[in-house]
**Q** 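Structure incoming, see below.
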Amino acid sequence: MKSVGIHNMKRERVLVIEDESDILELLRFNLKKEGYDVDTATDGERGVDHARSKAYDVVLLDLMLPGIDGLEVCRRLRADPRTESLPVIMVTSKGEESDILVGLGIGADDYVTKPFSIKELLARIKVVLRRSKTAAVSRSDKRPVAKGGIEIDPVRHQVSVDGSPVAFTLAEFRLLHFLVRHEGRVFSRTELLPHVVGDGVVVVDRNIDVHIRNIRKKLGDIRMHHLVTVRGVGYKFESHPVGLPSVG
Ligand code: CA
């Protein structure tokens, strides 16, 4: 079975908002060389529009821009649910120290001061990307989910089925939580295994089918149908599986 390695990961996308063409080209060239997808905007308003229309991983934001300045761009990004957690690195000039403080205060993640070394900037980008990924994962890991009559509270480690609490082993819990969180997507047994084993947890049975069977048993005669077997591929979770009478 093919495993998805780090080299197959999607390219990270950087939005550069900068009005000085020399710096813009320098950034574009070096970021592309480093393997990033790069989009650019030469004023603040267009930068905000770009950020809202596409999923970026990080924004490099010049502070002195024609029209609305970098601080206003940052404010608008933070005020919009689509971009509120989009990482922003400010690109500032000497003498803008007070703006840096304001920028960090309104939610920019980091800054570099012109003239900056490309090496340093790339290192900052990596740190910010790593931090934002960890934050996103832990946010989605901790949020309670309720689908198809199954409620999962990851913080309390509790599952209830149609309102009644049901006890799951740690391995079963992780597997169910993962599938529910990624509703509709089919995962092979190989892909599921790491989510069952997790960090430092000893799992007696590495056989996914056994865990699935146990989870279904605990979900009961009706809810068990939400865990769908996809022949020759693996498993998925469906809130509204085909053939299941609608029950809430
Ligand atoms: Ca500028």
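In this text the structure is predicted, and so the values were computed from the model without any measurement. As the structure lists them, so they are numbered: ligands from 1, and atoms in each ligand from 1. Starting from 1, each residue takes its place in the sequence as its number.
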**Q** May I ask you to check whether Ser93 brings an N, O or S atom to under 3.0 Å from the Ca ion (ligand 1)?
**A** no

**Q** Taking all heavy atoms of Thr169 and all of Lys218, pick out the closest pair and write down the distance.
**A**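 Looking at all heavy atoms of both residues, the shortest contact is N-NZ, 3.9 Å.
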
**Q** If you look at Asp19, which of its N/O/S atoms is nearest to the Ca ion (ligand 1)?
**A** OD1

**Q** Determine the minimum heavy-atom distance between Glu34 and Lys126, stating which atoms define it.
**A** OE2-NZ, 3.6 Å

**Q** Which heavy atom of Thr42 sits nearest a heavy atom of Leu65, and at what distance?
**A**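 Heavy atoms of Thr42 and Leu65 come nearest at O-CD2, 4.5 Å.
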
**Q** For Phe187 and Phe178, I'd like to know if the aromatic rings sit close, meaning centre-to-centre distance below 6.0 Å.
**A** yes

**Q** Looking only at N, O or S atoms in Asp62, which is nearest to the Ca ion (ligand 1)?
**A** OD2

